Colleague: 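Provided herewith is a single structure, encoded as structure tokens, for subsequent inquiry.
Here the structure is a predicted model, which is why all the values come from computation and not from measurement.
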Amino acid sequence: MKKILAMVMALLMVMGMLAGCASGDAPETTAGTDSANTGGDGAVTPIKIGLTGPLTGSNAAYGLAVKAGMEIAVEEINANAAQNGGLTLEFRAEDDEADGEKGVSAYNSLKDWGMQIFAGAVTTSPSLTIAAETLNDQMFMLTPSASAVEIPATGSNVFQMCFTDPNQGASAAEVISKQWPDAAIGVIYDSSNPYSAGIYNGFAEKAEELGLNIVCETSFTEDSKSDLSTQVTQCQDAGADLVFLPFYYTEASQVLTYANTIGYAPTFFGCDGMDGILTVEGFDTQLAEGLALMTPFDANASDEATASFVAKFQEKMDGLVPNQFAADGYDVIYAIYDACVAAGVDGNTSTADICAALMEQFASMTFDGLTGKGMTWDETGMISKSPAAVVIKDGVYVPMS
């Protein structure tokens, strides 16, 4: 009888163990399966995406534009998640004030939050410092607007949505050679800023190749940019009838204002950092009439996608017209989302596995966005898309023919 009882007890213990395995934690599964992608209620676990950018300070216009563009994309994606497989996103932005050291601190705050993909930084300096951190963390990085060639060179996990500086400079030289082949060209650039210096170097190299007539090259630094009158006067004295300004619109507004003061009226040609000059507080926008600039986004375009984005941005930003930086931010989120869906990853996938999956996707995918159609990336993380130039006429961008 004791033997029979012992056998019954043993059988009950085995059955209990089997029941425990069936009702307890499931074994790990491969990312992309239903078990990995859903929580207990069947919902797909969201992926956490973070941004650092200048949300305060003199460069805040760039960071706030990117942040708003990304928020619109996240809101659209989450609203349509049920029709697109159920994947949703969580988004958070931290202020880096366009400073490298503060950028690392902001990045670490996002990691503490649980960030799995880094959709930043907005500007070059913090991007350079943070890129090294993302390489060590095996975290995918796609910057919307930091364009220095050194950024994607940091590691195979780092990609750009915008043109690299030298490529943009070379494209600007090509546009000038077609539109103003006989121009006497003056150049003013910020030698202390990697973005400005990088564009200038690309421009100068291509201008020499094309035989452009550069009559004046002058520069300033971070410490001397509050007064650019000397540089403007040098271009005037050299007889420049076109002045190339490869820097941000805050300093460009000073150049245009002072040139008007001394009666100097050349054609001014800027790069993508010029996008936003019509929003500078206290600046007479009439002075920007005829200004040409490189930008892959035109808020006045009539296509449905652009019109929808502009309307949503203006509602979010109190009527402000979105610039290229906002559109780049929007495109970054959608490119990441498309790659995540294609790779079958979600919030349950490890950061390192997401990084590896997105690296593979971006190396082979083609993406259509607000800032270009048929965009692709090479193995270095640099983007290929068609450059575009516009002219400001009657306060709006007009495509350059």
Colleague: Is the count of non-hydrogen atoms from other residues, nucleotides or ligands lying under 6.0 Å from Glu205 atom CD greater than 12?
Modeller: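 No, CD of Glu205 has 12 or fewer neighbouring heavy atoms, counting only those of other groups under 6.0 Å.
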Colleague: For the atom pair CZ (Phe269) and CD1 (Ile176), what is the distance rounded to the nearest 0.5 Å?
Modeller: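 Taking CZ in Phe269 and CD1 in Ile176, the distance rounds to 5.0 Å.
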Colleague: Please check if the number of heavy atoms outside Glu75 that lie under 6.0 Å from its CD is greater than 12.
Modeller: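 Yes, the 6.0 Å shell around CD holds more than 12 heavy atoms from other groups.
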Colleague: For Gln234, what residues pass the side chain to side chain donor-acceptor pair (under 3.5 Å) criterion, not counting sequence neighbours?
Modeller: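 Once residues adjacent in sequence are excluded, the partners of Gln234 under the side chain to side chain donor-acceptor pair (under 3.5 Å) criterion are Thr218.
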Colleague: Can you sort out the partners of Asn193 under side chain to side chain donor-acceptor pair (under 3.5 Å), two or more places apart, ordered by chain and number?
Modeller: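 If we apply the side chain to side chain donor-acceptor pair (under 3.5 Å) test to Asn193, skipping adjacent residues, there are no hits.
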Colleague: As an exercise, state the distance from SG of Cys355 to CE of Met141, rounded to the nearest 0.5 Å.
Modeller: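 Between Cys355 SG and Met141 CE, I get 11.5 Å after rounding to 0.5 Å.
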Colleague: Is the ring centre of Tyr62 less than 6.0 Å from the ring centre of Tyr248?
Modeller: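 Ring centres of Tyr248 and Tyr62 closer than 6.0 Å.
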Colleague: With distance as the sole test, does Ser105 use its side chain to make a donor-acceptor pair with the main-chain N or O of Lys102 at under 3.5 Å?
Modeller: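 No; judged by distance alone, with no hydrogens or angles, the pair does not exist.
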Colleague: Regarding Asp331 and Thr371, do their side chains bring together a donor and an acceptor under 3.5 Å, going by distance alone?
Modeller: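 Yes.
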Colleague: Determine the sole option in Leu370, Asn300, Asp298 for which the side-chain contact (heavy atoms from CB on, under 4.5 Å) test with Thr306 is passed.
Modeller: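 Going through Leu370, Asn300, Asp298 one by one, the side-chain contact (heavy atoms from CB on, under 4.5 Å) with Thr306 is satisfied by Leu370 alone.
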Colleague: Does a side chain donor of either Asp96 or Thr52 reach within less than 3.5 Å of an acceptor in the other side chain?
Modeller: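 Side chains of Asp96 and Thr52: pair found under 3.5 Å.
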Colleague: Do you see a donor-acceptor pair shorter than 3.5 Å between the side chains of Asp223 and Thr221?
Modeller: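 Absent: no donor and acceptor within the cut-off.
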Colleague: First locate atom CE of Met70, then atom CD1 of Ile336, and finally report the distance between them rounded to the nearest 0.5 Å.
Modeller: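 So the gap between those two atoms works out to 6.5 Å.
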Colleague: Evaluate whether atom NZ of Lys373 has more than 12 neighbouring non-hydrogen atoms of other residues, nucleotides or ligands under 6.0 angstrom away.
Modeller: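 It does: Lys373 NZ has more than 12 such atoms within range.
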Colleague: Using a strict cut-off of less than 4.0 Å between a Lys/Arg side-chain nitrogen and an Asp/Glu carboxylate oxygen, indicate whether Glu76 and Lys312 qualify as a salt bridge.
Modeller: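 Counted as a salt bridge, because a side-chain N and a carboxylate O are separated by less than 4.0 Å.
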Colleague: As an exercise, state the distance from CG of Leu358 to CD1 of Ile117, rounded to the nearest 0.5 Å.
Modeller: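 Those atoms lie 5.0 Å apart.
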Colleague: Hey, are Glu71 and Lys67 close enough for a salt bridge, meaning a charged N less than 4.0 Å from a carboxylate O?
Modeller: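 Yes, charged N to carboxylate O under 4.0 Å.
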Colleague: Does the ring centre of Phe247 sit less than 6.0 Å away from the ring centre of Tyr200?
Modeller: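 Ring centres of Phe247 and Tyr200 not closer than 6.0 Å.
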Colleague: Count the heavy atoms belonging to other residues, nucleotides or ligands that lie under 6.0 Å from CD of Gln286, then report whether that count exceeds 12.
Modeller: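 Open: at most 12 neighbouring heavy atoms sit under 6.0 Å from CD of Gln286.
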Colleague: If we ignore angles and hydrogens, is there a donor and acceptor under 3.5 Å between the side chains of Tyr249 and Asn323?
Modeller: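 Judged by distance alone, the side chains do not pair up.
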Colleague: In sequence, state the C-alpha distance, the side-chain angles, and the governing distance for Tyr189 and Phe203, and then conclude on ring-ring contact (aromatic ring centres under 6.0 Å, His included).
Modeller: CA-CA 11 Å; Tyr189 70 101; Phe203 175 83; over 10 Å; no
Colleague: So, Lys111 and Asp137, do they make that salt bridge, N to O below 4.0 Å?
Modeller: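 Salt bridge flag = yes for Asp137 with Lys111.
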